[in-house]
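Down below is the structure, laid out as structure tokens.
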2 protein chains.
Amino acid sequence: MNKKPNLKDVAKVAGVSAITVSRVLSNPDKVSEKLRAKVEQAVHEIGYIRNHAASALASRRSGVIAVIIPSLSNIVFNDVLQGIYSAVKQHQLQVILGDCHYSPLEEEKLIATLLSQSPEGFILTGTDQTHYARKLLQQSGIPIVQLMELTDSPIDMNIGFSHFNAGMDITRHLLQKGYRKPGFLGARMDPRTQQRLAGFKKAIADFKQPCQSYVVTTTQSSSIRLGGQLLQAVMAESQGQCDAVFCCNDDLALGALFEAKRMNLKVPADIAICGFNDLEASALVEPSITSVASPRFEMGQQAVELLMAASGEDKTHQPPIDVGYRIVERAST
Amino acid sequence: MNKKPNLKDVAKVAGVSAITVSRVLSNPDKVSEKLRAKVEQAVHEIGYIRNHAASALASRRSGVIAVIIPSLSNIVFNDVLQGIYSAVKQHQLQVILGDCHYSPLEEEKLIATLLSQSPEGFILTGTDQTHYARKLLQQSGIPIVQLMELTDSPIDMNIGFSHFNAGMDITRHLLQKGYRKPGFLGARMDPRTQQRLAGFKKAIADFKQPCQSYVVTTTQSSSIRLGGQLLQAVMAESQGQCDAVFCCNDDLALGALFEAKRMNLKVPADIAICGFNDLEASALVEPSITSVASPRFEMGQQAVELLMAASGEDKTHQPPIDVGYRIVERAST
DNA sequence: AGTCAAAATGGTTGCGCTATCATTTTGGCT
DNA sequence: AGCCAAAATGATAGCGCAACCATTTTGACT
């Protein structure tokens, strides 16, 4: 194995200087047609690949953005990620991704690690970063986007929607449909789930008529199977009285739906079911499941655009961007 | 904003030389207790974060591995990714991830881009890389793992299972169950799907009794909804004769199942349905869906371990590792 | 042909770190 | 106390590239 070719090797083959090769690679518009062809030919011929570390060091531009999500297994963040990757491609950036497993402490460590790559922007999920994490981020001086939720005190920029309002709205929807004994089924209980639960409680507290409500939660991670178990739990706790469940996400809702069938409960006659995130399956099961849709892909895209826009100009603190949500009413309610 | 602190700044605060600080950070065992405490204190105090680019340039170790998957939206690759991330954490590595959208050409470009980060290992999905991509990879001299499928001519290392055999086995299962007019429903038609289809055809060709088979495929990307459409298509094509479908993945199988119910076909009496990948939902729908399970998470983990093991020693070409698969027989067949 | 500004190309230097080797300090032993 | 190997720490150089500024070439105009 010969050692990897560098700029000088290309320069030699192309018969130009090293700096010229560099220019061809980074500013193809600034050089003459002939030169570019000659150099590109040489690059291809010897299979030259630019050393990113050296380039980043010399130019102080890493061409990288850092992203931290709480979970790789949750489809929700996948959609966001796809948005991020699609946007990033336009800007010729690389993504370095971290999975903090819903833990602020892991997130803090990840932030330190990812910052060492000198990212040009940072995308975080949620707003519950540790104090030291916030310090590191602020000190880094790069643009930051906090994603998914809205907060009054963002580190820098913020884009998302109100999970509290969404939880409240969908609970109101249940109440409007005449259900008076709704239950909340929650898993994981991350901040966004808690906000949805708070919305649930608020809707019930504000409702003009009195009603009985149930809350069954677990810190286990969410799954379809768990949805079934939680439905059993809420039916047991309510002694069969519970007539509607707001599941903190669609996985649970699917599981609750399957379980309801096994328990011979008619949906929505005996029990209404609604979920959150509007996964594809929710629209296609029988009966289809009412859910809350949000523009996840677009949120990811827009987060990248915000970073790019911000890295140019000076810090003009923009207000949080509310991307909103939509209650998708279906047969299950 | 003061500019970011560097090694010298830490050294000044700690009252030692820059190189010593470097050593504390990279070889904490090689320094005295006192020194380490002093330096770590200084690091934390000024919020120093090591410049990865400079470190990588000077040490020729990037601490990064590159991973390319064909799709971010496919849960299958998510499981693999999780395995990769879990293994990577042990080794203090970062992952740079690319999504090639099932395109070898995009993959080639991605490979070039990711190689510029001087990764210490490369994980690829599948075995259909372009010629130039293979050249670049080989020239890079780093360990490479091709994942998911098995091949006789790997670029370097290879871990996966035979999609051909799996497709053949599950088709045999249908035939053994007495179905004589099976159909294959395929989406995307990436190499692995094609191998499953080839297995399907082989099983039918080898079967001792003659039977009628149907193949309906599309290059559209897979979805639950599409599964329903493909079921309609195969029933139309077979004039209602088709009595079993092998769906190239579980999303299609779920869609086919939902559609079968809408068409008032009993599963498995009127039509058997089986899928591939054994997603959680497949076990929980009614009737539960027969599928093919494979150790995806472990494959991802093991790929990383292979890379790490290989980067130490010399290239001793190991044979491909077959992780196997398992037919999970359920109510739908 | 001669002029001059604009476009194209090249030389030097330093980004922040670590490898290599050199030097100093430590501490167990006679 | 004196010796010496081992442990701890420091000085120097260079990784491969792009910023900066210098130089050469081009071509539109008189």
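In what follows, chains carry the letters A, B, and so on, assigned in the order in which the sequence lines appear, proteins first and then strands, with residues in each chain numbered from 1. What you see is a predicted model, and the numbers here were worked out from it, not measured in a lab.
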Give me the atom names and distance for the closest heavy-atom approach of Q139(B) to I46(A). NE2-O, 2.9 Å

Ignoring hydrogens, what is the shortest heavy-atom contact between T125(A) and E107(A)? Give both atom names and the distance. O-OE2, 4.0 Å

Who passes salt bridge (charged side-chain N to carboxylate O under 4.0 Å, His left out) against R36(B), sequence neighbours left out? E33(B)

For residues 143-152 of chain A, dump all side-chain donor-acceptor pairs below 3.5 Å to protein atoms at least two apart in sequence or in another chain.
from	atom 1	to	atom 2	distance (Å)
Q146(A)	OE1	I155(A)	N	2.9
Q146(A)	NE2	Q129(A)	OE1	2.9
E149(A)	OE1	T127(A)	OG1	3.2
E149(A)	OE1	Q195(A)	NE2	2.9
E149(A)	OE2	R192(A)	NH1	2.6
T151(A)	OG1	S153(A)	N	3.1

What nucleic acid atoms does L7(B) come within less than 4.0 Å of, heavy atoms only: base, sugar-phosphate, or nothing? base

Under the rule for side chain to side chain contact (heavy atoms under 4.5 Å, CB included), what residues qualify as partners of E106(A), not counting sequence neighbours? C100(A), H101(A), S103(A), K89(B)

Polar side chain donor-acceptor pair, S86(B) to Q301(B), under 3.5 angstrom: yes

Show me the protein contacts with nucleotides 13-15 of chain D, counting only N or O atoms at under 3.5 Å.
from	atom 1	to	atom 2	distance (Å)
dC15(D)	O4'	R60(B)	NH2	3.4

Can you list the residues that meet the side chain to side chain contact (heavy atoms under 4.5 Å, CB included) rule with I49(B), with sequence neighbours excluded? L115(A), S116(A), L136(A)

Give the rounded distance in Å between these two atoms: NZ of K8(B) and P of dG10(D). 15 Å

Looking at five pairs on each end of the helix from dA1(C)-dT30(D) to dT30(C)-dA1(D), what is the angle between the two axes, given to 10 degrees? 30°

Give me the atom names and distance for the closest heavy-atom approach of I123(A) to A303(A). CD1-CB, 3.8 Å

Whether Y48(A) contacts dC17(D) is assessed here as follows: a side-chain N or O lying under 4.0 Å from the phosphate OP1 or OP2. Is that the case? yes

Quiz: residues 74-82 of chain A side-chain donor-acceptor pairs under 3.5 angstrom, not counting sequence neighbours:
from	atom 1	to	atom 2	distance (Å)
N74(A)	OD1	V76(A)	N	3.0
N74(A)	ND2	Y102(A)	OH	3.4
N78(A)	OD1	N78(B)	ND2	3.1
N78(A)	ND2	L72(A)	O	3.3
N78(A)	ND2	N78(B)	OD1	3.0
D79(A)	OD2	R296(A)	NE	2.9
D79(A)	OD2	R296(A)	NH2	2.9

Side chain to side chain contact (heavy atoms under 4.5 Å, CB included) filter on H44(B), not counting sequence neighbours, yields Y132(A)

With rounding to the nearest 0.5 Å, note down the distance linking OG in S140(B) to CD in E120(B). 12.0 Å

Of all nucleotides in DNA chain C with an atom under 4.0 Å from a non-hydrogen atom of chain B, which is the first and which the last going 5' to 3'? dG16(C) to dA19(C)

Anything under 3.5 Å between a donor and an acceptor, one on a side chain of residues 12-21 of chain B, the other on a protein residue two or more places apart or in another chain? List them.
from	atom 1	to	atom 2	distance (Å)
S17(B)	OG	T20(B)	N	3.4
S17(B)	OG	T20(B)	OG1	2.9

Below 4.0 angstrom, which residues in residues 10-23 of chain B have at least one non-hydrogen atom near DNA chain D? V16(B), S17(B), I19(B), T20(B), R23(B)

With sequence neighbours excluded, tell me which residues meet side chain to side chain contact (heavy atoms under 4.5 Å, CB included) with A66(A). I96(A), L114(A), P119(A), F122(A)

Measure the distance from CZ on R36(B) to P on dT9(D) and round it to the nearest whole Å. 11 Å

